[in-house]
Amino acid sequence: MKLVGTAFQIKVWKEINKIPKGRVKTYKEIAHLIGKPKSYRAVANACGKNPYLPLIPCHRVIRSDGYLGGYSGYGGIEEKRKLLIDEGFLDFKKDDPKK
DNA sequence: CACATGACCTAAC
DNA sequence: TGTTAGGCCATGT
């Protein structure tokens, strides 16, 4: 496959693509993996600008607080939540990490 | 080139 | 414990 975009986005998307099923990673973790721990903001941006939505599991990327954050897909954040639940990561239908 | 935006994070209040 | 304010980075206009 051929990813088209900035070098930064390519790194981010590749890292996200490495995330196994049933596992999630935080934006900060991704930023740290690409060597720019301070670029978590840009990482989230790259995910939002990600044109390979069905190709890259960007729905497996959540916030460090435990909240899902958001989703640029069709169903929006709800679809993301649904996907995570389907993968067995979330057992509850709310975005409450304490629960 | 300067300003504005966003699926964020941390520290304070 | 919940909310607010400031900071940080890559992109787009």
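By convention in this document, chain letters (A, B, ...) are assigned in the order of the sequence lines, proteins followed by strands, and residues within each chain are numbered from 1. Hydrogens, waters and symmetry mates play no part in the numbers below; they use all other heavy atoms, side chains included.
Under the 4.5 Å side-chain criterion, counting only non-hydrogen atoms from C-beta, A/Tyr27 is in contact with A/Cys47. In this structure, the side chains of A/His59 and A/Tyr71 come closer than 4.5 Å at one or more pairs of heavy atoms.
When rounded to the nearest whole Å, the span between CD1 of A/Ile77 and C1' of B/dG6 equals 14 Å. As rounded to whole Å, 14 Å separates atom C1' of B/dA7 from atom CD of A/Gln9. Atom P of nucleotide B/dA7 and atom CD of A/Glu15 are separated by 22 Å, given to the nearest angstrom. A straight line from CG of A/Leu84 to C1' of B/dA7 spans 13 Å, rounded to a whole angstrom. A/Tyr27 places its OH atom 21 Å from the P atom of C/dC8, with the value rounded to the nearest Å. Going from atom CD1 of A/Ile30 over to atom P of B/dC9 covers 12 Å, rounded to whole Å. Rounded to an integer number of Å, the gap from A/Asp65 CG to C/dG2 P is 12 Å. The interatomic distance linking A/Asn50 (CG) with C/dA10 (P) rounds to 18 Å, in whole Å.
Using a 4.0 Å heavy-atom cutoff across all strands shown, A/Ser64 reaches sugar-phosphate atoms only and no base atom. Residue contacts for A/Lys80: at a heavy-atom cut-off of 4.0 Å it reaches a base atom on one of the strands shown. Base contact: A/Tyr40 has a heavy atom under 4.0 Å from a base atom.
In this structure, of C/dT11, C/dC9, B/dA7, it is B/dA7 that holds the atom nearest to the side chain of A/Tyr71. Across B/dC8, B/dC9, B/dG6, the shortest atom-to-atom separation from the side chain of A/Asn45 is found for B/dG6.
Using a 4.0 Å cut-off, some side-chain N or O of A/Lys28 falls inside it from OP1 or OP2 of B/dT10. OP1 or OP2 of C/dA10 has not a single side-chain nitrogen or oxygen of A/Lys49 nearer than 4.0 Å.
Linking Ile, Leu, Val, Met, Phe, Trp and Tyr whenever their side-chain heavy atoms come within less than 4.5 Å leaves A/Leu83 and A/Ile62 in two separate clusters. In the hydrophobic clustering of ILVMFWY residues, with side-chain heavy atoms under 4.5 Å counting as a link, A/Ile56 and A/Ile10 come out together.
Contact annotation: side chain of A/Ser72 to base of B/dA7, donor-acceptor pair present below 3.5 Å. At a cut-off of 3.5 angstrom, the base of C/dC9 holds no donor-acceptor pair with the side chain of A/Arg41.
Here A/Lys18 pairs with A/Glu15 in a salt bridge; the nearest charged N to carboxylate O distance falls below 4.0 Å.
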